[in-house]
Structure formats: C-alpha cells, structure tokens
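Keep in mind that what you see is a predicted model, and the values were worked out from it rather than measured.
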Amino acid sequence: MVSLRTGSSSLHFHRQHGRTPVMRISVLIVAAVTVLGVAAVFVMPSVRVSGHRHDSQHRSRARFALTSWPNRNDKSCITCGAIPESAVGSAAGFDFGQWWSGLVQSAMPTLRPMWEGYVLEVGKSLADWTPVLIIVILFFIRAILKDGSDGEDDQGAGFMFGMGKKKQPKLTVTSLNRQMDRYTLSLTQATKGKTEAQKLKTHLTEGYTELQQAEASSAATEPSQASKSGKDSQDSLPRRVWVLEFQDKRNDVQASGAKQLREEISAVIMFADPARDEVVLRLDSGGGTVTGYGLAGAQLMRLRDAGLHLTVAIDQVAASGGYLMACTAHRIICSPFAIIGSIGVVQELPIVFDRLQREGIQFETTTAGKFKRTLTPFKQPTEEDRKKNKEDIEDVLRVFKEFVSSSRPSVDIDAVATGDTWIGPLAKEQGLVDELKTSDTLLLDHIRDGRQVLSVGLAEQSSSPLESVLQGAMETVNTRFPAVAAAFSGQMSPPVQYPSPMAEMRSPNWMIYHGD
C-alpha cells in the first residue's frame, strides 16, 4: 500500500503491499477536484461580504454572511472596504479567480512534492499494467475489424487476440465466358466504336439475364414436374464445364496442392449434375512423393466415381506422379511440346556413415522389426538392406503400372513403364495422350459451343493492412507476455510443451516418382 509521511522538508511515498492503493488515491483526488469545482460554481458566487474594514491599521477580522444567490452587481455586497476594489473589480462582487489563484500559490510548496510522488507512483503502476492495457486496446480494435464478418472462423475468445485459427479460404467461381466477353467488348470499342460496343454489351446483358432466369426456374421446379418434362428441361439449359487447376505453387514435390484440390472437387461433386456437367483439370507437374501424388490421383478418381466426365489438359509437363494424375481422366490432351511419361520410381539417399566414423561420431538406432530400417544415412548398408529396398521400389512400380493400365488399357504398359519421357506427338503415338491441343484452345472451343465455362478455386482471404499490423502485434504480445495472453485466451496458464522421450517412429517418405 501507499502511505504518506510528512516531514519538515519533503513528502515520502512508501510502498508496502503493492500499488493497488494508488488507484484509491486517484479516486480521492478526482473527488476532491469535483467538490472544489461544485463549490466554485454554486457556493462561492453566493458569498455576501460584510464586516469591518480589514487593513494594516485595524486588525479586526471581516465577517462574512452567506445568503442565497445574491446579485453580484449589488454594491452593498462590499461593506466597509472589507475587500479591496482591486480584488473585486469595478462593481462585480467577489473575485473567485483571484482568490483561487492565491490559494493555489500558497498551497504549492506543500502540494508539489505530494504531486510529484503521486505521479511517479502512478507511472510505476501503469508500467505493471501495460501488457494488459495493450491487449485490451487490441481486443477492441480487433472486435471493430471483425464486426459484420462471418463468425464461423472465430474459434473462441483466443481468436480475437490473434491466437486462434487463421481465416479459412473461400471458394471462388469465375465465369470464363464473361471474361471473354469483356475482351470482346474492349476490342469492339477499339475497332468499331462505343456505339457498337454498347449494343453488344446490351445484347450480352440480356443473354445473361435470360440464363439466370432459366436457371432459377429450373431450380424452383418440383421433382414431379421435372420428371414429366425430363429431357426437355435439361436441353433448354446450356452445358457447364467446371475448370480446376493443379499448376504453379500447387505442383511441388509434396503435392501440397492436393489439400485445395480435394475441397474444390468436393464442392463440384456436391453441386454438379452429371447429365449436363463435365470437369477440365489444367495440369502441370513433374511428379513427387508417392503419398502426395497418390492422394491427388485418388481425389480425381472421385470425379469419375460421381459420374462426371473428366478431361486433363497438359500444357508443359506431366511426368511420373503428374502422369499418374493425368491417367485418371477419360480424355487427355497436351500441347505439342509437352513432356509426358516418366513412369518409374527412384530413391536417392546420401550415406554419411564413413564420414561419421572418421569424425569419431557413432549414431545408434534402436528398432523393433527386422526391416524397420533398411537403408539410412547413418549406418553401413548391407546387401540384405539393398535387396529389401529394391523389392520395396519394385512393389511401388508394380502398383503404379497397374494403376495406369486400369485407366488406359490401350497403352502397352511394359513399353512405357521404363522411366522414359516423350514429347507431345511421340506421347500420342505411345497412347499416353489422346489429342494435341492447349488448354486455352480447349476452353475457348467450349465457350464457342455455348457452354458455361466456370473456373473453381480456393482463394486465401486477404487481410487489411491494419489487421496485418494487428496480427503482428498480437504475436509479439503472445511471445513476450505468454501468461497474460493465456489468461485472455481462456487458459489459466500457458501450455507447457514437454519433449517426447521417444523418437518419432514414422518412416521417412523417401520414395518419389521421378520426373525429368
């Protein structure tokens, strides 16, 4: 607590049990100032002064009589020169400003050390509460930014402080028909003028309006009525082509794009109608891990199982694991100079056992099971290890060949499953692809045929610059003040991470499909 002790020279603050009483003193100061303010407004204007003259010759005291709301311009308020006219003014009654100034000046020698000590103590108290104040301020800013947004991504109070889950990606659907129409409008305006471009825009707008009305009418039709109309209602609507992509940042060695691809495929399967819809996958990949690309291929098989026609369009390369994905399609097209094939498996592993021995380092591995570890960088490989490793690779190749044969039975699998690659025309001769055509040509042909071409993709939700700065501030608070952050996230104490005494028993994912 804070105790005051006045001496002859100065005022001292003593902290005995924390700084909590500082808040009490603050409240008392605010209350005192409030009382003085009320007195200044309501009490002091009502002072009527009467009494004898108070000067150096007569030491008598002035007598004051309080009355109710007197007239400040009344000359009778000043009697016998009790208050000099210089203090009162011309004839305005008691001058409270001058009285207050004199009172403050006389009290300053006593109040100054008290105020300095009080400010110092309050500053120390605020320093102790700074992390909490920062988090509270950031909380309200975060709440304002999140106002009106979807609440499904907010996972408890911890998320409000940047300690929860990140924003979930949203599914975006882009009409390639409208994109081509915008190009056509720009070219029409540049070559034929604004008038013709406006006419074309009106015509396109009317067409899209009629299409939306037809779609809404078809969706509102009851199943019994739809069964009567049957084929006629389906023929009145244009066919749809759903476009997926597995390119750019998705086609790494680990096939990390399979996470987004599985969600996009699920969305298409839930909405698409096999009677009028088909799927086009734009694919470019040189292959990668068995598990990663095996999962990506299994996701594409879901489209076939749902009755949707799948076409894979390869613009640059579909080798090894990339071709495993491609051969799941009903139809494969590729550009004339695309690289196709590389059906095989490879393992590359550096052996550092000899170097460790020269450095005097021994690496000990404890296993349970004869073939739990065969080839590793840290032990001397034996012939038995090499034989077992070779058998494992052959098993993977056999499964790979069976998968390709089941999807494309016309291919001579023994002739192409050599790890070799072929350029577009030669790949067509081997039966690895069906047609030489770029993905752009394929999609443009669908648009010209009057089909709706819709590109589907998961897009990361972008954050505002202020929210990005706020997220960084939250991470800093979480790092420097974990206890406070844990308290605001609903935890009694920050989670403690204990190291596991056992080594991770997951086998390394070393087998990859080789792509040139």
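Among residues two or more places apart in sequence or in another chain, the side-chain hydrogen bond (donor to acceptor under 3.5 Å, both in side chains) test is passed with R239 by none. Every residue two or more places apart in sequence or in another chain was checked for a side-chain hydrogen bond (donor to acceptor under 3.5 Å, both in side chains) with Q212, and none qualifies. Partners of F371 by ring-ring contact (aromatic ring centres under 6.0 Å, His included), not counting sequence neighbours: none found. Judged as a ring-ring contact (aromatic ring centres under 6.0 Å, His included), and not counting sequence neighbours, F353 has no contacts. Applying the ring-ring contact (aromatic ring centres under 6.0 Å, His included) criterion to F337, with sequence neighbours excluded, gives no partner residue.
Between E402 and R398 there is a salt bridge, since at least one side-chain N of the basic residue sits less than 4.0 Å from a carboxylate O of the acidic one. Under a 4.0 Å N-O distance rule, the pair K387/E384 does not qualify as a salt bridge.
Summarising the local packing, CD of Q362 is surrounded by 12 or fewer heavy atoms from other residues, nucleotides or ligands at distances under 6.0 Å. Within 6.0 Å of CZ on R355 lie no more than 12 heavy atoms contributed by other residues, nucleotides or ligands.
By the 4.5 Å heavy-atom criterion applied to side chains, I343 and S320 are not counted as neighbours. T311 has its side chain out of reach of L281: every pair of non-hydrogen atoms, C-beta onward, lies at least 4.5 Å apart. Counting heavy atoms from C-beta outward, I340 and C334 have side chains that approach closer than 4.5 Å. In this structure, V268 and V279 have side chains that are in contact, with non-hydrogen atoms separated by less than 4.5 Å. The side-chain heavy atoms of L300 and R262, taken from C-beta on, include no pair separated by under 4.5 Å. Here the side chains of R331 and E278 are not in contact, with every heavy-atom distance at 4.5 Å or above. When side chains are defined from C-beta on, E391 counts as touching K388, because their heavy atoms get closer than 4.5 Å. Proximity of F400 to V290: side-chain heavy atoms (C-beta onward) are nowhere separated by under 4.5 Å.
Looking only at atom types and distance, the side chain of S335 has no donor-acceptor partner in the side chain of D315 under 3.5 Å away.
Of the options K390, K379, Q380, a side chain to side chain donor-acceptor pair (under 3.5 Å) to D385 is made by K379 and by none of the others. Of the candidates K170, K259, R250, R302, E264 forms a salt bridge (Lys or Arg N to Asp or Glu O under 4.0 Å) with just one, namely R250.
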Given the rule in the side-chain contact (heavy atoms from CB on, under 4.5 Å) test, do L426 and E429 qualify, once you have shown the distances and angles that lead to the verdict? CA-CA 5 Å; L426 301 180; E429 292 179 2; 3.8 Å; yes
Going through the distances and angles, do I332 and E435 end up as a side-chain contact (heavy atoms from CB on, under 4.5 Å)? CA-CA 7 Å; I332 303 177; E435 187 178 358; over 6 Å; no
Start with the C-alpha gap between I265 and L303, add the side-chain angles, then the distance that decides, and say whether side-chain contact (heavy atoms from CB on, under 4.5 Å) holds. CA-CA 7 Å; I265 290 176; L303 294 170; 3.7 Å; yes
side-chain contact (heavy atoms from CB on, under 4.5 Å) for S266 and Q299? Distances and angles first, verdict last. CA-CA 9 Å; S266 297; Q299 296 296 332; 5.5 Å; no
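Nearest heavy atoms, G341 versus Y323: O-CB, 4.0 Å. Considering every non-hydrogen atom in both I314 and A326, the closest pair reads CD1-CB, 4.1 Å. The minimum heavy-atom distance linking M325 with G297 is given by the pair CG-N, 4.1 Å.
When atom types are taken as modelled, the side chain of R240 and the backbone of V453 share no donor-acceptor pair closer than 3.5 angstrom.
Here salt bridge (Lys or Arg N to Asp or Glu O under 4.0 Å) pairs that include residues 177-197, with residues two or more places apart or in two chains, are E196-K199.
By the 30° and 60° cut-offs, the orientation of the rings of H309 relative to H330 is parallel.
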